[in-house]
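Below: one structure, written as structure tokens.
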Amino acid sequence: MADFVVEARTDFSNDVSKQPVLEVRDLVVQFERADGVVHAVNGVDFAVRPGEWLGIIGESGSGKSVTLMSILGLLGEGGRVIRGNAWFNGVDLVQLSDRQLRTVRGKDIGVVFQNLAEGFNPYLPIGTQIAEVLVNHRLCTRRTAHRRVIEFMHELGIADAKARFHQYPHELSGGMRQRAMIASAIVSEPKVIFADEPTTALDSTVQMQVLALLTDICRKRGTAVVMVTHDLGVAAHTCDRIVVMYGGIVMEEAPIDEFLQFPTHPYTLGLRDASFDPEQPDRPLRPIPGVAPVLLEAPRGCPFAPRCHMATTVCRERLPALRQTRPDHRVACHHVQGENEHEPYPIP
Amino acid sequence: MSFAAISDWHQRASHGRKRRRRLAWRRFCRNGLPVIGLAYIALLFIVAIVGPFVTRQPTVNIFQANLSPSWAHPFGTGQYGQDLLTQIVRGLGGTLLIGVTGAAISVAIGLIVGIAAGVFGGIIDAVLMRFTDFAFSIPTLIIALFIVVVTGFSAWNVGLSIGLVTWAGCARMARGLALSVRNGTLMDSAILAGGSRWYIATRYVLPQIASNMIVFFVFQVASVLFQSTTLIALDPQYVPLTGGQLPPGSNLLLNLLNGGGGSYIGYRWLFWFPLGVYCSMVIALLWIGDGLQALLNPQQPLPRRWFATWPRLRTARGARG
Amino acid sequence: MSLTPFLDLRHIEKSFRVRGKRLPAVRDVSLSIREGESLGLVGESGSGKSTLGRCAIGLTAPDAGSVRLFGQELVGRSRRDLRPFWRHMQMVFQDAGVALHPRMTVGRNVIDLLVARRLVSRREGLEIARQLLEQVGLHADQAEAFPFELSGGQQQRVMIARALAVEPKLLICDEAVSALDVSVQAQMMDLFIRLKQERNLSYLFISHNLPTVGQIADRIAVMYLGEIVEVGTTQRMFQKPYHPYSKALFASVLPIPANVSARRELRALPGEMPSPFDLSRGCPFHTRCPVAVDRCRDVRPQLRAIDDDHQVACHLA
């Protein structure tokens with residue numbers, strides 16, 4: 001992998017010193033289904049810098065998980081990357097064969113899934129499976145792997161690591177299994193971790209444990225994390241940069257402080273209005289009406305227009321481009337003024 | 001909020017009984033095999049009904065014994081010079097009767113025992129299941145043979161005897177299904193609905209089991225036919241010929257098979273033709289069973305129609321290039 | 001909201017036999033719901049909240065204790081004798097996909113409670129079903145559909161319409177929205193709140209998901225290992241819970257901060273919920289409690305009022 005030259009990509013960052021560790025450009029993913037072609041991802045751009053936490057938020061069906069899975073080559077039956085690149089270490093992951101991807105997956109990119117049941121083989125002890133990551137990627141021998149995994153589990157705050165090593169997945173609680181999953185994702189010291197709703201299936205206090213663990217260990221090692229979540233509170237407390245997705249396109253992208261202080265896109269505002277605020281439990285919530293659509297055609301207008309209270313004719317007819325509205329803040333909405341536009345967007 | 005629900009609903013196109021029936025038929029047709037099976041069995045039924053009117057009972061004529069297939073005797077002739085095709089045609093009704101009676105009896109008994117066990121539970125369940133275990137353990141063929149010997153050989157009696165000894169498997173299955181309904185959330189909501197035990201049994205437990213039982217019935221017909229062929233000792237050749245007539249039941253497929261396979265190694269057609277009819281019948285029944293399983297399970301996704309998808313695949317590829 | 005106790009649970013005990021061992025699921029729990037009030041019951045998996053809900057409605061018979069609806073005792077009654085009570089309280093299950101009759105149309109499902117009690121004929125029922133479906137935000141024509149043809153959220157609406165057919169006063173919702181997508185969850189909560197206002201419904205809202213409970217509940221009870229550790233008004237519970245477990249639990253709901261400096265520190269409760277098989281005499285939470293003292297190990301704290309409408313089971317409160 002080292003033979004490849006890292007191609008410089010343009011216009012993504014004002015911090016030139018830090019090259020992105022992962023850069024996704026114009027990614028388009030479609031699914032072949034019995035009732036047609038589902039346009040799951042329709043041209044997504046984002047970049048992750050070393051050590052950065054990127055939060056991708058949106059409702060289910062907005063294409064956020066599919067984006068991650070397509071980069072990893074885990075799309076499943078009928079799924080296909082139509083075009084786009086995912087530059088990682090100077091290599092386009094989209095172009096790699098399944099076999100080449102396997103050397104990247106798990107070694108250079110760690111994965112934490114939402115569904116705990118899928119992550120582990122029920123017939124093997126948990127420690128063996130974590131050690132397997134090291135052995136498979138030729139990072140150490142089987143004998144040293146055993147010792148390293150136990151040390152590592154200990155570091156992750158898994159009490160009784162020696163005993164846990166030999167336990168089977170079903171013998172562990174949900175929180176412990178998720179911790180083991182994080183262990184297996186991070187043991188090979190990857191540059192990026194993909195975390196797909198890592199805490200959604202867990203009980204509230206366990207969620208907190210897992211989140212605290214993940215932030216702690218990744219910050220310490222400088223691992224970049226791409227976290228897909230629908231929970232704005234979780235994303236706001238952990239991420240450095242937020243990408244809001246809907247209908248398979250990026251609706252808004254901003255650094256976290258900017259995002260919290262100046263949320264702009266009607267969809268982002270809708271998500272905020274629909275989120276429960278524990279500081280004001282009495283505040284009535286305003287859920288966004290309807291559900292995220294399954295797009296059987298490429299979106300002609302803004303995909304959010306049918307559910308948007310601000311939608312006008314132009315929204316239904318033209319796909320809004322992602323435009324800079326403030327420094328390092330980009331929004332895809334016809335009704336939001338761009339940074340250098342003094343006139344509002346003409347509305348017919 | 002309702003607007004979302006409505007638009008979603010209308011996107012799913014029209015609904016109603018007619019459409020649902022059409023969809024059910026499409027599930028049944030899935031890969032075409034169930035339709036072939038259904039057509040074949042229907043054909044056999046027509047032959048079985050019409051056959052006896054257009055053919056005459058083959059008679060003993062030893063000068064024409066064991067002739068190989070020819071235009072006059074397409075399937076050849078048997079040891080008494082009887083035409084094998086005529087025999088198959090005339091015996092088909094009885095053969096089908098064996099299968100249907102046997103399956104109907106075993107499914108009926110099984111259903112009653114299973115539902116009683118599933119609905120009432122407790123002691124009734126325990127007693128019935130021990131009895132079923134006992135019935136399961138009996139060497140079925142010996143008992144079936146005994147029943148046939150006592151009641152006399154006929155298609156009815158063969159079917160009856162096999163039905164009476166094979167119900168235990170069906171009962172165990174019905175009970176398993178009833179228990180899964182009984183222990184599920186559906187049962188909780190049925191109880192909270194406030195209906196009587198009878199209401200729950202007939203509206204909640206029975207319909208859930210029945211659809212599986214219909215499928216089981218078709219498979220059971222095949223199974224009974226299979227079991228009937230092993231009633232070897234009933235081969236009519238052990239019955240003395242009287243007055244130039246073939247013994248009763250000698251046209252039945254099971255006896256043709258035994259006669260052809262056991263005694264006449266050299267005259268292969270006597271074995272292969274009945275075997276062919278028998279096997280095709282069982283396979284057709286299995287295919288129908290598979291189709292019914294899909295038909296009765298509305299949750300099953302509709303099959304992909306390959307002929308409808310390939311142009312789309314082309315356009316997707318075209319868009320890429 | 002009147003103050004008359006409407007559903008009153010006193011000293012409920014329930015344990016199950018698991019592989020020959022006694023597994024206590026609910027241990028001496030008392031709760032009451034007033035008319036028109038919604039009570040949230042929160043706790044993590046294995047805390048016994050679902051079992052308590054089933055005991056309340058009579059689907060599970062408690063080992064000891066009493067359940068009173070309008071002052072009438074429910075415990076000890078046969079299923080037949082419980083039927084009249086189920087006109088006043090009904091249950092909404094987590095997965096409507098398996099709680100609805102798969103072979104009945106949606107309309108028939110909705111009026112099942114009426115047909116089972118022979119209150120209406122099937123034909124009269126259909127009109128009622130159409131009205132009920134519209135009340136829960138579905139289209140009347142969907143009465144002709146089958147449950148599997150609807151989405152998860154729509155199925156859950158059907159489940160609610162079905163329960164509403166007998167015009168109950170209390171709905172017990174056991175993780176009623178937990179299986180749904182988040183945006184659909186919000187819409188369902190909207191419906192629950194609307195029904196509460198329109199019909200003066202009471203809820204026993206059981207969930208592990210605090211935000212959903214927070215939206216609908218007037219009061220919240222927190223369960224840990226089969227016991228109620230704290231009960232208080234929703235406002236108070238989110239802002240100032242007393243019990244150390246409640247503190248950790250409610251702190252796990254992260255708000256959206258106004259800016260980065262307003263972010264909370266992610267602090268997690270250490271350890272795991274101990275196995276209910278080997279519970280000590282003391283406070284169930286003492287193994288993980290950051291402020292536990294000797295007394296917590298030996299003496300089980302009783303739920304006691306520390307304020308109006310606020311009860312805590314902690315020696316240190």
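Just so you know, these numbers use all the heavy atoms, side chains as well, and skip hydrogens, waters and symmetry mates. In what follows, chains carry the letters A, B, and so on, assigned in the order in which the sequence lines appear, proteins first and then strands, with residues in each chain numbered from 1.
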Within residues 220-233 of chain C, contacts to chain A at heavy-atom distances under 4.5 Å involve none
Nearest heavy-atom pair of A/Pro278 and C/Val253: which atoms, and what distance?
-> CG-O, 3.4 Å
Name the member of C/Ala268, C/Ser252, C/Pro270 that forms the most heavy-atom pairs with chain A at distances under 4.5 Å.
-> C/Ser252
Sequence neighbours excluded, which residues qualify as ring pair (Phe, Tyr, Trp, His ring centres under 6.0 Å) partners of C/His208?
-> none
Distance col, row C/Arg267:CZ vs A/Leu211:CG, nearest 0.5 angstrom, shows 15.0 Å
Does any N or O in the side chain of C/Asp181 come within less than 3.5 Å of the main-chain N or O of A/Ser60, such that one atom is a donor and the other an acceptor?
-> no
Are the side chains of C/Ile256 and A/Asp277 in touch, meaning some heavy atoms are under 4.5 Å apart?
-> no
Would you mind checking which part of C/Arg288 comes under 4.5 Å of any heavy atom in chain A, side chain (CB onward), backbone (N, CA, C, O), both or neither?
-> side chain
Let me know which of A/Thr238, A/Asp257, A/Ile256 forms a side-chain contact (heavy atoms from CB on, under 4.5 Å) with C/Arg263.
-> A/Ile256
Checking A/Thr205 against chain C: side chain, backbone, both or neither under 4.5 Å from a heavy atom?
-> both
Looking only at atom types and distance, does a side-chain atom of C/Gln239 sit under 3.5 Å from a main-chain N or O of A/Glu279, one as donor and one as acceptor?
-> yes
Contact origin within A/Val210 toward chain C - heavy atom pairs under 4.5 Å | neither
Nearest non-hydrogen partners of C/Arg264 and A/His237, listed with the distance = N-NE2, 3.0 Å
C/Ala251 versus chain A, the contacting section by heavy-atom distance below 4.5 Å = backbone
What are the residues of residues 261-273 of chain A, in order of number, with any heavy atom under 4.5 angstrom from a heavy atom of chain C?
-> A/Gln261, A/Arg272
Ring pair (Phe, Tyr, Trp, His ring centres under 6.0 Å) against A/His166, all qualifying residues, sequence neighbours excluded = A/His146
C/Leu269 and A/Met208, any side-chain heavy atoms less than 4.5 Å apart | no
Give a yes or no on whether C/Asp308 atom CG has more than 12 heavy-atom contacts from other residues, nucleotides or ligands under 6.0 Å away.
-> no
Under 3.5 Å donor-acceptor, C/Gln187 side chain and A/Gly290 backbone | yes
Separation of C/Leu266 CG from A/Gln209 CD (nearest 0.5 Å) | 12.5 Å
C/Asn259 CG to A/Leu260 CG distance, which is reported to the nearest 0.5 Å = 7.0 Å
Minimum side-chain heavy-atom gap C/Met189-A/Leu285 below 4.5 Å | no
side-chain hydrogen bond (donor to acceptor under 3.5 Å, both in side chains) between C/Glu44 and A/Ser204: does it pass, once the steps are laid out?
-> CA-CA 7 Å; C/Glu44 296 175 277; A/Ser204 335; 5.3 Å; no
